[in-house]
Amino acid sequence: MNRIKMALLASLLLPAALWLAADSLAPSPLTYFSFRTVFTQFSGVIGICLMSVAMLLALRPKWLEPHLDGLDKMYRLHKWLGIAALVVATLHWWWAKGTKWMVGWGWLVKPARGAGGQQAQHGMLESWLRSQRGLAESIGEWAFYAAVILIVLALIKRFPYHWFAKTHKLLAVAYLALAYHTVVLTKIGYWTQPVGWVLALLLLGGSIAAVLVLLGRVGARRKVRGRITDLTRFPNLRVLETRIALAPGWQGHQAGQFAFVTSDEKEGAHPYTIASSWNPAEQQLVFITKALGDHTSRLADRLQPGMEVTVEGPYGCFDFTDEQPRQIWIGAGIGITPFIARMKQRAAVPEAKTIDLFHPTADVDQNAIDLLQADAAAAQVNLHLLVSGKDGRLDGERIRASIPEWATASIWFCGPPGFGQSLRDDFVAHGLPPERFHQELFQMR
């Protein structure tokens, strides 16, 4: 989390610092309208820079994952950038549009234009840009309204995922409109200074990213075709295990990573943690899904052996890599999935680390428990199964009582975000270094 917080701050502070090196928020003379002029420039630059970084992250750049702790963290940063851009853009809009309203209401008196300086000669490019100002202002205003609606829809959890996936792509259109708005209305003098150079690079990168999003090219090189070969249902858990045979092209994966799977083009791609280790000789993946929403609730009825699917990935840095001699795994509910994959990998390639796996669950299926116990035994993992109705709640105190050597371990958590955060806070308060608590933020919106 620290890395994406630093990335968010950098996305805000770097363009702000570069702008302040080129201009000032305290013009002379300082009046409402002189401040409005510089603040609309300042907020416009900050807002479009934030949107540009968010647009670049929408491409799911694989090379950036190790630096931001995985695609799940990158999507959290993408969300924060969108919210920050919305706040800054709203301020920008108000100072630009609200001022005009207040002049119309008689609350403000617009100063008269000077006569002399307005007759200066301009180059061809500057003259063209000036001729576009009215159109750019109108396009920017309507693109802002569209962006507000689309970002708010993305933040509403009850808004169906398949509609979110479709409408969120339209932000790429809004971005391109706002990029045009920015190029036309940005102060000419900025383009010859560092703030303009950075702005130009971000606009170019963001525009390319927007076009790729609209063309459906995100992750295109990491997509392979697959075919469902087997389905196993665990009715008591409302869980479905799906085995997929892949066509050539999958580059392999580490236990703990995830992939986007498309079984219905209308529904779009959904992310699922991979529940199997990689065996190049078999070329198969296993996914375990729980009926938690509209889409996952329909999978058990809709998926059939022989059905064609598309798999994109792998993504994520929840890969169990560290230097600690001991690891504590906590897989809450369906959060057990990455640990199943890791146990299968560990059974195939044994290692010396001591592992304790805690699996708190509210639902019980004896067949699933038997399989989990068999995987733990094969991987030499100490399994701690807790059924909430019988064994009570799992908390930090209970884990520390079970594992006196916990201070030498790293902790790997997958499950409900609130539960993970409470465990993290508890262990950090008891002296665990924050970087030794690994939590997957498996929320893509």
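Bear in mind that the values here come from a model prediction, so they are computed numbers and not experimental data.
With sequence neighbours excluded, no residue forms a side-chain hydrogen bond (donor to acceptor under 3.5 Å, both in side chains) with Gln345. In this view, His438 and Trp412 satisfy the ring pair (Phe, Tyr, Trp, His ring centres under 6.0 Å) rule, not counting sequence neighbours. Residues that satisfy the ring pair (Phe, Tyr, Trp, His ring centres under 6.0 Å) test with His270, not counting sequence neighbours, are Tyr161, His295. Phe287 is linked by a ring pair (Phe, Tyr, Trp, His ring centres under 6.0 Å) to nothing, counting only residues two or more places apart in sequence or in another chain. With sequence neighbours excluded, the residues satisfying ring pair (Phe, Tyr, Trp, His ring centres under 6.0 Å) with Trp95 are Tyr32, Phe35, Phe39.
With a 6.0 Å radius and a threshold of 12 heavy atoms from other residues, nucleotides or ligands, Gln366 has its CD atom above the threshold. Heavy-atom neighbours of Gln380 CD from other residues, nucleotides or ligands within 6.0 Å: at or below the threshold of 12. Within 6.0 Å of CH2 on Trp142 lie no more than 12 heavy atoms contributed by other residues, nucleotides or ligands. Heavy atoms from other residues, nucleotides or ligands lying under 6.0 Å from CD of Glu435 number more than 12.
Judged by distance alone, the side chains of Gln284 and Arg243 do bring a donor and an acceptor atom under 3.5 Å apart. Judged purely by distance below 3.5 Å, without hydrogens or angles, the side chains of Gln41 and Asp23 never pair a donor atom with an acceptor atom. No donor-acceptor contact under 3.5 angstrom links the side chains of Asp72 and Tyr315, judged on distance only. Thr242 and Tyr272 are not linked by any side-chain donor-acceptor pair at a separation below 3.5 angstrom, with hydrogens and angles left out of the test.
Summarising the geometry, atom CD belonging to Gln421 is positioned 9.0 Å from atom CG belonging to Leu441; distances are rounded to the nearest 0.5 Å. From Ser277, atom OG reaches atom CD of Gln254 across 10.0 Å, with rounding to the nearest 0.5 Å. To the nearest 0.5 Å, atom CE of residue Met51 and atom CG of residue Leu178 are 5.5 Å apart. In this structure, CZ on Arg346 lies 12.5 Å from CG on Asp375, to the nearest 0.5 angstrom. How far CG of Asn2 is from CG of Leu68: 12.0 Å, rounded to the nearest 0.5 Å. Note: Leu185 CG to Ile139 CD1 = 10.0 Å, rounded to the nearest 0.5 Å.
Residues Trp329 and Phe320 bring their aromatic ring centres within 6.0 Å.
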* Test Asp365 against Arg233 for salt bridge (Lys or Arg N to Asp or Glu O under 4.0 Å), laying out the working first. => CA-CA 11 Å; Asp365 184 294; Arg233 294 169 174 79; over 6 Å; no
* Would you check, one step at a time, whether the test salt bridge (Lys or Arg N to Asp or Glu O under 4.0 Å) holds for Arg342 with Asp319? => CA-CA 8 Å; Arg342 181 58 175 170; Asp319 57 7; over 6 Å; no
* To do: Please step through salt bridge (Lys or Arg N to Asp or Glu O under 4.0 Å) for the pair Glu397 and Arg400, ending with a clear verdict.
  => CA-CA 5 Å; Glu397 183 177 353; Arg400 289 188 292 272; 5.8 Å; no
* Could you walk me through whether His384 and Ile399 pass side-chain contact (heavy atoms from CB on, under 4.5 Å), step by step? => CA-CA 10 Å; His384 306 258; Ile399 294 172; over 6 Å; no
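Applying the salt bridge (charged side-chain N to carboxylate O under 4.0 Å, His left out) test to residues at least two apart or on different chains, the pairs with a partner in residues 299-314 are Arg60-Glu312, Arg225-Glu308.
With respect to Lys73 and Glu440, no salt bridge is recorded, no charged nitrogen being found less than 4.0 Å from a carboxylate O.
Residues Ile330 and Gln439 have side chains not in contact (no heavy-atom distance under 4.5 Å, counting atoms from C-beta outward).
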